[in-house]
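The structure presented is a predicted model; accordingly, all values stated were derived computationally and were not measured. Numbered from 1 within each chain, the chains take letters A, B, ... in sequence-line order.
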There are 2 protein chains.
Amino acid sequence: MKDTRWLSETELDAWMAYVTATHLLERRVEEQLKADSGLTHAQYEILAKLSASPERRMRMTELAREVVVSKSGLTYQIGQLEKLGLVERTTCPSDERGVLAVLTDEGVRCLERTAPGHVAVVRAFLIDQLTPEELQAMARIMSKAAAVMTAAPGHSIEAPARRRGTGRRTALG
Amino acid sequence: MKDTRWLSETELDAWMAYVTATHLLERRVEEQLKADSGLTHAQYEILAKLSASPERRMRMTELAREVVVSKSGLTYQIGQLEKLGLVERTTCPSDERGVLAVLTDEGVRCLERTAPGHVAVVRAFLIDQLTPEELQAMARIMSKAAAVMTAAPGHSIEAPARRRGTGRRTALG
DNA sequence: AGGGTGTAGTTCAAATTCGAACAACTAGAA
DNA sequence: TTCTAGTTGTTCGAATTTGAACTACACCCT
């Protein structure tokens with residue numbers, strides 16, 4: 001790990017602009033959602049995923065993976081959304097352990113009511129700023145990055161505690 | 001606000017990929033930093049900004065604006081970094097109210113020690129995935145977006161002061 | 001069947017973030 | 001000078017997020 005390939009000027013420009021833009025955008029999105037609907041971005045993402053899912057329902061673990069949040073984080077948010085009547089919990093028919101998060105009709109209405117303002121912000125600060133070529137590039141770039149990270153090992157999304165690890169023998173061996 | 005301009009298929013692709021990639025990347029970055037140095041990404045960003053600043057010091061409010069975090073959030077993190085001996089607080093000579101966050105020598109060493117691993121992650125999951133054209137596009141896209149959001153009103157993070165000297169940049173971004 | 005291993009979701013404590021309220025200070029006008 | 005408005009950084013409480021520990025269930029192999 002001695003000699004590092006530092007970032008070139010352009011690479012640094014790209015990275016720093018990305019980091020800053022991402023923070024600013026998250027703030028704008030959060031601000032708009034909170035003001036117009038009382039939802040957080042995390043909650044909106046959950047509702048959106050559910051609404052795009054067959055039967056408007058999804059298993060907890062898969063949903064957590066989709067929105068890229070920890071299992072406990074999702075448990076919390078689904079709890080909040082349940083309180084609001086936007087989501088319901090159902091035990092999974094095929095797996096007694098499983099829980100299905102189901103978008104309620106109220107949830108659908110909330111989403112329909114909220115989406116326009118959300119889209120407007122995404123457009124105003126990102127999408128509408130881009131040329132068609134840049135839009136394509138962005139889709140390509142981000143898809144590639146997401147694919148690589150999804151494929152690469154070390155998914156911090158709940159690394160199962162590997163017990164028998166380092167090949168060391170225990171007293172039981 | 002009646003008829004919404006919904007996102008086209010490509011626009012939606014770009015946006016969704018962006019959101020997902022951003023979450024995944026944040027996780028990877030956070031994971032690496034925590035493992036290799038015990039720092040959070042927020043803390044790393046603060047150290048990096050300070051190190052690229054003249055005299056390695058910055059006013060709290062300006063620093064908060066630069067790293068795009070709330071004033072109270074910065075107060076908290078500077079407190080943490082102070083405990084770790086990586087940053088010190090100094091009262092601003094020219095303004096009795098002001099506080100200067102100053103990167104200590106220990107802070108510099110910590111950053112130098114941590115930067116290689118951080119850059120490696122940024123490269124592996126984002127930068128090195130891009131063609132030169134895509135890299136350019138990304139820099140352009142994100143700079144544009146950041147500029148628009150910085151300029152637009154409604155900043156929850158106040159934006160009075162004009163930016164002074166061209167804070168020099170290091171490769172630690 | 002009986003065990004052992006792995007998975008699904010929840011609970012818990014700890015860390016972090018934000019906004020509002022606040023105290024201290026600055027700056028401009030009268 | 002003195003008043004007034006605006007700025008600066010901190011404190012406080014509430015909300016959110018995470019990883020680890022835990023319970024309940026599923027699946028496989030003999």
Using modelled atom types only, decide if a donor and an acceptor are shared between the side chain of B:Arg97 and the backbone of B:Asp95 within a distance under 3.5 Å. no
Looking only at side-chain N and O atoms, does B:Gln80 come under 4.0 Å of OP1 or OP2 in C:dA15? no
From D:dG19, D:dA26, C:dT26, pick the nucleotide closest to the side chain of B:Arg27? D:dG19
Value in whole Å for how far the C1' atom of D:dT16 lies from CG of A:Leu81: 13 Å
Please tabulate the protein-to-nucleotide N/O contacts below 3.5 Å involving nucleotides 9-12 of chain D, giving atom names and distances.
from   : atom 1 : to      : atom 2 : distance (Å)
D:dG9  : OP1    : B:Arg59 : NE     : 2.9
D:dG9  : OP1    : B:Met60 : N      : 3.4
D:dG9  : OP1    : B:Val99 : N      : 3.1
D:dG9  : OP1    : B:Val99 : O      : 3.3
D:dG9  : OP2    : B:Thr61 : N      : 2.8
D:dG9  : OP2    : B:Thr61 : OG1    : 2.1
D:dG9  : N7     : B:Lys71 : NZ     : 3.1
D:dT10 : OP1    : B:Arg89 : NH1    : 2.3
D:dT10 : OP2    : B:Thr75 : OG1    : 2.8
D:dT10 : OP2    : B:Arg89 : NH1    : 3.3

Using atom CD1 of A:Ile78 as one end and atom P of C:dA8 as the other, report the distance to the nearest whole Å. 16 Å
Closest approach of A:Arg5 to B:Val119 (non-hydrogen atoms, all atoms of both residues): O-CG1, 3.6 Å
Nearest whole angstrom, please: distance from the P of C:dA8 to the CE of A:Met58. 15 Å
Looking at A:Arg89 and A:Val99, would you say the former's side chain and the latter's main chain have a donor-acceptor pair under 3.5 Å? no
For residues B:Arg123 and A:Trp6, report the shortest heavy-atom separation together with the two atoms involved. NH2-O, 2.8 Å
In whole Å, what is the span from the CG atom of B:Leu33 to the C1' atom of D:dT18? 16 Å
Ranking A:Ala42 and A:Glu96 by the position along DNA chain D of their nearest nucleotide, the one closer to 5' is A:Ala42
Look at atom CD of A:Glu88 and say whether more than 12 heavy atoms of other residues, nucleotides or ligands are closer to it than 6.0 Å. no
Taking any heavy-atom pair under 4.0 Å as a contact, classify B:Gln77: base, sugar-phosphate, or nothing. sugar-phosphate
Here the distance between atom C1' of C:dA20 and atom NZ of A:Lys34, to the nearest Å, is 14 Å
Using a cut-off of 6.0 Å, state whether more than 12 heavy atoms not belonging to B:Met60 lie near its atom CE. yes
B:Ser37 versus B:Tyr44, side-chain donor and acceptor atoms under 3.5 Å: no
As a test of reading the structure: which of D:dT18, D:dA26, C:dT16 is closest to the side chain of B:Thr40, going by heavy atoms? C:dT16
Could you state the atom-to-atom distance from CG of A:Leu63 to P of C:dG9 in whole Å? 10 Å
Between C1' on C:dC18 and NE2 on A:His23, what's the gap in Å once rounded to a whole number? 14 Å
CD1 of A:Ile46 versus C1' of D:dT17: gap in Å, rounded? 12 Å
